[in-house]
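Below is one structure, written out as structure tokens, with a few remarks after it.
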Amino acid sequence: MPQAEIPGTEVGPRTRPRWWTELPLILLVYFSYSAGRLLARGDVSTAVDHGLAILRLEKLLHINAEHPLNRLFTQEAWLGVPADFWYASLHYLVTPLLLIWMFRRRAEHYRAVRTWLMTSTFIGLIGFTLLPTCPPRLLSAGHGFVDTMAQYSSYGWWGGEASAPRGLGGMTNQYAAMPSLHVGWALWCGVMLWRHGGNRWARAAGVAYPLLTTIVVMGTANHYFLDAVAGAAVMGLGFLLTGPVTRALDTLRALPATRLAPAAGTSSASGSPFVSAGCQTSAGERIPRQRSAVPGAADGPGASPADTGEGAAAAAR
């Protein structure tokens, strides 16, 4: 796993994010992800054409590993059933749990890695919109793929339509295969475990989780190998954009303070040692001619002896 610092992640005197501001932000991104997958349906025939084009390219390059994996998962239930549970659940469990862990235990890095994940997710949504793609499991049977989640649906809560719970298949976009954010998010999780896990077991999990997720998405016929590659590429692009996005967010956050700054400056500049009707004041005074208890302190211009401590002493003599 790469050891380079995420751009814009330098640890500074920034205050720790608050959970009550982070939670709505995370929920906004999650619902944007879900809504984006739902709304970016595209034309079915176009999605099928894109899927077949990817399959042809993979065959040309001899990288269509999803075919043998899908046959293996279809024939061996002891592999296919756990793979379906993996696909249907870990994507939605491991990622938020690691976000919470980073928030609590690695607060100095949390803001950067959260921005990385969110930026990459929005890039993925653009991909779903511009390139609707039919997954292998929805191609005609002649292409040699079996939908393992439909085959083993009696073992879990999902139905025959993607990983959605039974009866909710119509509420998901089944043609959002390119890029694979299952792989992209798993790669993000792997980097978090590798860099911040703190022991060899965490690092081993950081390597194994994205690799096994890649095998699972292909073996269950939910993604092509190139979908997985695109998911990794999206995370790489999000990584590179993390610094600029963070700085842009900081600039937007500072705008209200920038607007208030001139007013504050004008107020301090207008503070004059003279008030209406020529009444004399000086720094620290609240009412005209209120003098400091320290002799000679803050004597204003043109002060008469009677106005100062010396004048008072002279009068007493």
Side-chain angles (χ1 to χ4, degrees), residues 1-2 6 17 19 22-23 25-34 36-37 69 73 79-107 109-125 128 135 148-149 152 155-158 162-165 172 176-177 179-220 222-223 227-236 238-239 242:
M1 291 291 176
I6 299 172
W19 69 265
E22 287 299 305
L23 182 59
L25 183 61
I26 299 298
L27 291 176
L28 173 64
V29 172
Y30 174 76
F31 286 117
S32 297
Y33 166 69
S34 301
R37 286 176 55 92
L69 285 172
F73 283 20
L79 288 173
V81 173
D84 287 341
F85 275 99
W86 186 296
Y87 183 83
S89 59
L90 294 191
H91 181 60
Y92 304 102
L93 294 176
V94 175
T95 309
L97 286 176
L98 278 174
L99 263 177
I100 294 171
W101 177 73
M102 289 295 298
F103 179 82
R104 293 178 59 86
R105 299 299 180 89
R106 300 290 187 270
H109 301 287
Y110 168 79
R111 186 167 178 263
V113 299
R114 176 258 284 158
T115 303
W116 175 21
L117 179 65
M118 293 181 176
T119 302
S120 302
T121 299
F122 281 116
I123 296 172
L125 294 180
F128 297 156
T148 63
M149 300 198 77
Y152 299 124
Y155 289 87
W157 60 86
W158 59 85
S163 57
T172 185
S180 171
L181 286 186
H182 270 75
V183 173
W185 285 14
L187 179 60
W188 179 90
C189 292
V191 173
M192 296 305 102
L193 290 169
W194 178 271
R195 289 184 56 81
H196 305 292
N199 59 60
R200 66 181 63 184
W201 294 107
R203 289 192 170 192
V207 174
Y209 182 57
L211 289 178
L212 290 176
T213 298
T214 302
I215 293 172
V216 163
V217 300
M218 292 191 295
T220 57
N222 279 286
H223 290 282
D227 293 346
V229 173
V234 161
M235 297 307 297
F239 177 89
T242 296

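None of the values given here were measured: they were computed from a predicted structure.
- The shortest heavy-atom contact between A88 and M149 is CB-CE, 3.8 Å.
- Using a 4.5 Å cut-off on side-chain heavy atoms (C-beta onward), V191 and M235 make no contact.
- Heavy atoms only, all atoms of each residue included: H223 and A176 are closest at CE1-O, 4.3 Å.
- Below 30°, between 30° and 60°, or above 60°: for F239 and W116 the angle between ring planes is above 60°, a perpendicular geometry.
- Heavy atoms only, all atoms of each residue included: T220 and A83 are closest at CG2-CB, 4.0 Å.
- Nearest approach of G238 to S120, heavy atoms of both residues: CA-OG, 3.3 Å.
- Remark: T214 pairs with no residue by the side-chain hydrogen bond (donor to acceptor under 3.5 Å, both in side chains) rule, at least two apart or across chains.
- Taking both residues in full, the closest heavy atoms of A205 and P210 are given as O-CD, 4.3 Å, listed atom of the first, atom of the second, then distance.
- For the atom pair CG (L98) and CG (L193), the distance works out to 5.0 Å, reported to the nearest 0.5 Å.
- Residues passing the ring pair (Phe, Tyr, Trp, His ring centres under 6.0 Å) test with F85 are W157, W158, sequence neighbours excluded.
- One distance of note links OG1 of T121 with CG of L117; it measures 4.5 Å at 0.5 Å rounding.
- Residues T213 and A186 share a closest heavy-atom pair of OG1-CB, 3.7 Å.
- For the atom pair H196 NE2 and R203 CZ, the distance stands at 11.0 Å (nearest 0.5 Å).
- Here the CZ atom belonging to R195 is positioned 7.0 Å from the NE2 atom belonging to H109, to the nearest 0.5 angstrom.
- Between atom CH2 of residue W101 and atom CZ of residue R106 there is a gap of 4.5 Å, rounded to the nearest 0.5 Å.
- Note that CE of M118 is 11.5 Å distant from OG1 of T242, once rounded to the nearest 0.5 Å.
- Side-chain N or O atoms of W188 include one that pairs as donor or acceptor with a backbone N or O of V113 at under 3.5 Å.
- Annotation: side-chain contact (heavy atoms from CB on, under 4.5 Å) contacts of P179 (sequence neighbours excluded): F128, A230, V234.
- The shortest distance between side-chain heavy atoms of V183 and V217 falls below 4.5 Å.
- A donor-acceptor pair under 3.5 Å links the side-chain atoms of H182 to the main chain of Y87, judged by distance alone.
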Exercise for the section: Start with the C-alpha gap between W86 and I215, add the side-chain angles, then the distance that decides, and say whether side chain to side chain contact (heavy atoms under 4.5 Å, CB included) holds. Expected result: CA-CA 11 Å; W86 186 296; I215 293 172; over 6 Å; no
